[in-house]
Amino acid sequence: MIKVAINGFGTIGKRVADAVAAQPDMEVIGVSKTSVSAEAYIAKERGYPLYIADLSKRETFEKAGIEVAGDVEAMLKAADIVVDATPGGVGEKNRPIYERLGKKAIFQGGEDHEVAGFSFNAHANYKEAEKHQFARVVSCNSTGLVRIIHALDQAFGVARVRAVMVRRAADPDDVKRGPVDAIVLNPATIPSHHGPDVNTVLPHINIVTLAMIVPTTFMHMHSIQMDLKKETTREEVLKVFENHSRIGLVRKATGIKSNAQLREYTQDLGRPRTDLWENGVFEESVSILDGKEFYCFQAIHQEADVVPENIDCIRALMGTVKDPQESIRMTNEALGLVAIG
Ligand SMILES: NC(=O)C1=CN([C@@H]2O[C@H](COP(=O)(O)OP(=O)(O)OC[C@H]3O[C@@H](n4cnc5c(N)ncnc54)[C@H](O)[C@@H]3O)[C@@H](O)[C@H]2O)C=CC1
Ligand SMILES: O=C(OP(=O)(O)O)[C@H](O)COP(=O)(O)O
């Protein structure tokens, strides 16, 4: 069993912990929090040993009825690998500790590529991970872009990509963030960070991205255009998506044309936390013009799509499963991830 520590038990960390616990070849040896919060009670409820960054806060946790297993360093020493899901920028500060203890570590998309020196996506570059101590799972939007670009690049070749990201403003529990009544260019300059981020995994792709933030909390929406190298048809492209285990199709017959209806759907499917782990490509939007011009809309659930990628990244860095397809199959099966559509 691979012993996994989750440093930072927030939006991403709590999902990764549950996903690790569901795998047949991994166990959660501990999760960390900095302060008492609802998530600390969830860690207790799940039975995950809870470690804290600052042991002087032990009494505060224990007064709240939450047992503390030790400090973060003790957790790291007990682990084979750590998933760092602390807020963006904190992972960089944690890296020297992982280096000192000789631990493998996975960082998230809020960190720069340079923090790990290797950026990861299971379908695109799984086999390259084994020689690395550190990896970074690219951000939620970049993960969604890499999946769809890589799939079409493998099938038809991709000459160039132009994509616009309509980003959710905040996660559902993030009550302090906005905007409440604005569309914010994020950034006003072009490109947004997503194109260069895609290039950390797929360096040969010609891509330019633009992004803006709208006042919603659930899912980003992408408008994507790609020029393909080979002529194809809409039916062929749909087949590629149907055969990809992490690209789902929002079928026309469902009548779903928004993030809100898609959320209701994942909720009704009984997905944990309503998570859409796969890309949600809108079937009706998939179009091929003049044989080589591809268009689509896709929804990306920001809290969820990076979770299975973190699980595959654990196996890829540990070198325990050499075949990416086998790891992806194991991860999907343990999560109950059967792509919609
Ligand atoms: N929320 C999202 O939509 C997505 C976030 N990411 C990335 O994942 C990372 C984590 O983001 P979230 O889960 O949203 O953050 P979050 O704020 O929900 O959770 C971070 C957790 O880390 C804990 N923490 C803070 N400082 C710490 C420290 N020094 N040591 C240990 N724990 C500490 C906090 O108590 C909290 O539980 C970031 O790099 C972010 O950019 C990536 C994809 C999507
Ligand atoms: O990784 C994300 O977005 P990104 O792919 O646009 O960088 C997550 O939605 C976190 O974004 P945030 O920086 O708005 O919290």
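The model shown is predicted, which means the values in this text are computed figures rather than measured ones. Both counts, for ligands and for their atoms, begin at 1 and track the order of listing.
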Taking only heavy atoms of [X], which atoms of ligand 2 are found under 4.0 Å from at least one of them?
{"X": "H194", "value": "4 (P), 5 (O), 6 (O)"}
{"X": "R177", "value": "12 (P), 14 (O), 15 (O)"}
{"X": "H193", "value": "4 (P), 6 (O), 7 (O)"}

Practice prompt. I would like to know whether K239 and E242 meet salt bridge (charged side-chain N to carboxylate O under 4.0 Å, His left out); could you show each step before the answer?
Written response: CA-CA 5 Å; K239 256 188 236 153; E242 280 160 1; over 6 Å; no

Fill in: K57 versus T34, closest heavy-atom pair with distance
NZ-O, 3.2 Å

Worksheet item: Can you find a side-chain donor-acceptor pair between Y126 and E128 that sits under 3.5 Å?
Response: no

Worksheet item: Will you find, in the side chains of R168 and T216, an N or O donor that is under 3.5 Å from an N or O acceptor?
Response: no

Fill in: Test side-chain hydrogen bond (donor to acceptor under 3.5 Å, both in side chains) applied to R246 and N279, N121, N332, the passing residue
N332

Fill in: Selection from A53, S139, G10 by shortest heavy-atom distance to atom 21 (C) of ligand 1
G10

Discussion item. For atom 11 (O) of ligand 2, tell me which residue out of E303, R167, Q108, H220 has the closest non-hydrogen atom.
Written reply: R167

Worksheet entry | NZ or CZ of R136 within 45° of F107 ring axis and under 6.0 Å | no

Practice prompt. Quick one: look at V90 and ligand 1, take heavy-atom pairs under 4.0 Å, and tell me if it's side chain, backbone, both or neither.
Written response: side chain

Against heavy atoms of [X], which atoms of ligand 1 measure under 4.0 Å?
{"X": "S32", "result": "31 (C), 32 (N)"}
{"X": "Q108", "result": "7 (C), 8 (O), 9 (C), 39 (O)"}
{"X": "A85", "result": "10 (C), 20 (C), 21 (C), 22 (O)"}
{"X": "N7", "result": "31 (C)"}
{"X": "K33", "result": "35 (O), 36 (C), 37 (O)"}
{"X": "G88", "result": "38 (C), 39 (O)"}
{"X": "G8", "result": "21 (C), 22 (O), 23 (C), 32 (N)"}

Looking only at protein heavy atoms, which one is nearest to [atom], and what is the separation?
{"atom": "atom 44 (C) of ligand 1", "result": "Q302 O, 3.0 Å"}
{"atom": "atom 32 (N) of ligand 1", "result": "T86 CG2, 3.5 Å"}
{"atom": "atom 5 (O) of ligand 2", "result": "S139 OG, 2.5 Å"}
{"atom": "atom 16 (P) of ligand 1", "result": "T11 N, 4.0 Å"}
{"atom": "atom 13 (O) of ligand 1", "result": "I12 N, 2.9 Å"}
{"atom": "atom 27 (C) of ligand 1", "result": "T34 CG2, 3.4 Å"}
{"atom": "atom 2 (C) of ligand 1", "result": "D171 OD2, 3.6 Å"}
{"atom": "atom 40 (C) of ligand 1", "result": "G110 N, 4.0 Å"}
{"atom": "atom 10 (C) of ligand 2", "result": "R168 NH2, 3.5 Å"}
{"atom": "atom 8 (C) of ligand 2", "result": "C140 SG, 3.1 Å"}
{"atom": "atom 24 (N) of ligand 1", "result": "P87 CD, 3.8 Å"}

Practice prompt. In sequence, state the C-alpha distance, the side-chain angles, and the governing distance for D71 and I52, and then conclude on side chain to side chain contact (heavy atoms under 4.5 Å, CB included).
Written response: CA-CA 5 Å; D71 65 4; I52 58 177; 5.7 Å; no

Practice prompt. Kindly confirm or rule out an N or O of N141 lying under 3.5 angstrom from an N or O of ligand 2.
Written response: yes

Which distance, rounded to the nearest 0.5 Å, do you find between the [atom1] of [X] and the [atom2] of [Y]?
{"X": "C296", "Y": "F282", "atom1": "SG", "atom2": "CZ", "result": "10.0 Å"}
{"X": "R46", "Y": "D18", "atom1": "CZ", "atom2": "CG", "result": "4.0 Å"}
{"X": "M212", "Y": "R167", "atom1": "CE", "atom2": "CZ", "result": "11.5 Å"}
{"X": "K77", "Y": "I97", "atom1": "NZ", "atom2": "CD1", "result": "11.0 Å"}

Between the main-chain N or O of [Y] and the side-chain N or O of [X], is there a donor-acceptor pair closer than 3.5 Å?
{"X": "E62", "Y": "E67", "answer": "no"}
{"X": "Q23", "Y": "A19", "answer": "yes"}
{"X": "T143", "Y": "V138", "answer": "yes"}

Discussion item. With respect to G13, determine whether any N or O atom, backbone or side chain, lies less than 3.5 Å from an N or O atom of ligand 1.
Written reply: no

Practice prompt. Measure M165 to ligand 2 on non-hydrogen atoms and call it side chain, backbone, both or neither using the 4.0 Å cut-off.
Written response: neither

Worksheet item: At a 4.0 Å cut-off, with the gap strictly under it, does some heavy atom of R168 reach an atom of ligand 1?
Response: yes

Worksheet entry | atom 29 (N) of ligand 1 touched by protein (heavy atom, under 4.0 Å) | yes

Worksheet entry | Stepwise ring-ring contact (aromatic ring centres under 6.0 Å, His included) test for H220 and H301 | CA-CA 6 Å; H220 307 292; H301 182 187; 9.2 Å; no

Item to complete: Could you check R315 against T331 for side chain to side chain donor-acceptor pair (under 3.5 Å), going step by step and ending with a plain yes or no?
Response: CA-CA 10 Å; R315 291 194 191 96; T331 302; 2.8 Å; yes

Worksheet entry | Trace of the salt bridge (charged side-chain N to carboxylate O under 4.0 Å, His left out) decision for R95 with E111 | CA-CA 11 Å; R95 187 190 140 126; E111 309 298 327; over 6 Å; no

